[in-house]
2 protein chains.
Amino acid sequence: MFTQSEENYLKAIFHLQQDVDGGVSTSSISELLQTKAASVTEMVKKLADKKLVHYQKYYGVHLTESGRAHALTIVRKHRLWECFLVDRLNFNWDEVHEVAEQLEHIKSAKLVEELDKFLEHPLYDPHGDPIPDADGNLPKRFKKKLSELKTGEQGVCKGFKDDSSAFLKFLAKQDIGLGTAIKVLNIEAFDESVTALADQKEISLSKTATNNIYVGN
Amino acid sequence: MFTQSEENYLKAIFHLQQDVDGGVSTSSISELLQTKAASVTEMVKKLADKKLVHYQKYYGVHLTESGRAHALTIVRKHRLWECFLVDRLNFNWDEVHEVAEQLEHIKSAKLVEELDKFLEHPLYDPHGDPIPDADGNLPKRFKKKLSELKTGEQGVCKGFKDDSSAFLKFLAKQDIGLGTAIKVLNIEAFDESVTALADQKEISLSKTATNNIYVGN
DNA sequence: ATAAAGTTTTAGTTTTACCTAAACTTTTAA
DNA sequence: TTAAAAGTTTAGGTAAAACTAAAACTTTAT
């Protein structure tokens, strides 16, 4: 159906679309995928020919219904495989990304649905990212950031904006994971760094860190 | 490391090597992989450059130690994934091949070893084919064919020479699977077809069929 | 209004994996 | 034992995918 490269572009556009209201720019795609802008333009035209994106010269792209649907199946596969790797194969949450990047391109509808069943229809992956269902519906994402809590408030860690291995390793070192309860003890006035209580332990987090942690109840 | 195509050639050579004593011929590879002989010659030279095969013009190839080792890792992955698909994801044994052909190319040493552990170190895949261990040791294969049994003798089905979907579907229809006890009731003199008792049921099998069924005790 | 920033076009390159047809080698069997 | 048949290799391509540098163009920001 689609090449691996086409699928990677679709996924990139899908992710970039969430942070922008207009079209997704050529340069943002080229930065994310580490290619040159000219390569992106070429691929984007190919995707437009296949009706996967709407493309207006100089104004970026956005996914069509069909493009979004396909992007969601890739995201679904990626996140389901991450669950499998962490929950069943003892991978750490910071080791799964590269493997899931390969597994997400395996083509078999039955495989995805049986895997989903086997994992008992998880709603969130090990990083707290929502898993689309077979029809492309995304569970609600927790949008409140730890940095939005006031002194004395508390929240339960529900996900992360930055899923990089570096950030995840940092969190592991502070014993912060999905489900960890975090109470804000103090917010430093000058740099907005936070002193917090996470599972009995007092820790200190920069604004950069608190901006990348989503909380709920 | 290696491309998917290179891995497919290695695997093909590995399988063909088991049925021949000399080198594996260009034409047998081209027939198995559905390509032209000229393409095979080209790839074989590439593999020889990489020291994966020994190649003598006009006399075929055979795997080097390194080539065999790599072929075995692919076979290991293929068969482990088949176990996973059948034992954990409810695939039928005749549906797993194409998916396993994709999964066998996923590159992650940790994934293979964790999958093996998760499956509790299976020795044989769902078709009775032996699974190489992490060091490339193959469990013994059952070599006795059902066609070698005499009237009145009985054996337990241990594997199949022909793993094609067509043959596996045929077997399923006769209720023959791994572990099925089969007793030879009669061997027809003129075409060597066999009447047998398989799990209480009387069935009739052609010579072609009995030649493709391995039995043990 | 113009310079800077971003985008597209042009005109390639590289890699991988094919193919056909002609030339060559080995095998077979008369 | 030799010629034809069968199999293999070489030569000379093709095609697709993905990339690139540099020039031309469009938008935007001052």
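Chain naming here is simple, since letters A, B, ... match the order of the sequence lines and numbering starts at 1 in each.
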Colleague: Expressed in angstrom and rounded to an integer, what is the separation of B:Y55 atom OH from D:dT9 atom C1'?
Modeller: 6 Å
Colleague: Does the ring of B:F84 carry A:R88 above it, NZ/CZ under 6.0 angstrom from centre and within 45° of its axis?
Modeller: no
Colleague: Map A:K57 and A:Y9 onto DNA chain D by nearest heavy atom, then report which one ends up closer to the 5' terminus.
Modeller: A:Y9
Colleague: Could you state the NZ-C1' distance from B:K45 to D:dT8, rounded to the nearest angstrom?
Modeller: 11 Å
Colleague: The side chain of B:S27 is closest to which nucleotide in this list: C:dA17, D:dT26, D:dG7?
Modeller: D:dG7
Colleague: Taking OH from B:Y59 and P from D:dT9, how many angstroms apart are they, rounded to a whole number?
Modeller: 11 Å
Colleague: In whole angstrom, what separates B:L47's CG from C:dT16's P?
Modeller: 13 Å
Colleague: What is the distance, rounded to the nearest whole Å, between atom CD of A:E6 and atom C1' of D:dA18?
Modeller: 11 Å
Colleague: What's the CD-P distance between B:E42 and D:dT14, to the nearest Å?
Modeller: 15 Å
Colleague: Consider the side chain of A:A38, meaning its heavy atoms from C-beta on, and name the nucleotide among D:dT9, D:dA22, C:dC18 that approaches it most closely.
Modeller: D:dA22
Colleague: Under 4.0 angstrom, heavy atoms only, what part of the nucleic acid is A:S39 near: base, sugar-phosphate, or nothing?
Modeller: base
Colleague: Which nucleotide sits closest to the side chain of B:Y58: D:dC19, C:dT26, D:dA21?
Modeller: C:dT26
Colleague: Quick one: are the ring centres of A:F91 and A:W81 less than 6.0 Å apart?
Modeller: no
Colleague: Distance only, no hydrogens: is a donor on one side chain within 3.5 Å (strictly under) of an acceptor on the other, for A:H105 and A:N8?
Modeller: yes
Colleague: To the nearest angstrom, how far is A:K36 atom NZ from C:dT7 atom C1'?
Modeller: 15 Å
Colleague: Let's see if you can work this out: which of D:dT8, D:dA18, C:dA17 has an atom nearest to the side-chain heavy atoms of A:K46?
Modeller: D:dA18
Colleague: Any side-chain donor-acceptor pair under 3.5 Å between B:E7 and B:H70?
Modeller: yes
Colleague: In whole angstrom, give the distance that lies between atom CD1 of A:I29 and atom C1' of D:dA18.
Modeller: 15 Å
Colleague: Parallel under 30°, tilted from 30 to 60°, perpendicular over 60°: which one fits the rings of B:F160 and B:F167?
Modeller: perpendicular
Colleague: Does OP1 or OP2 of D:dA18 have a side-chain N or O of A:T3 closer than 4.0 Å?
Modeller: yes
Colleague: Which of these nucleotides, D:dT10, C:dC18, C:dT8, is closest to any side-chain atom of B:T35?
Modeller: C:dC18
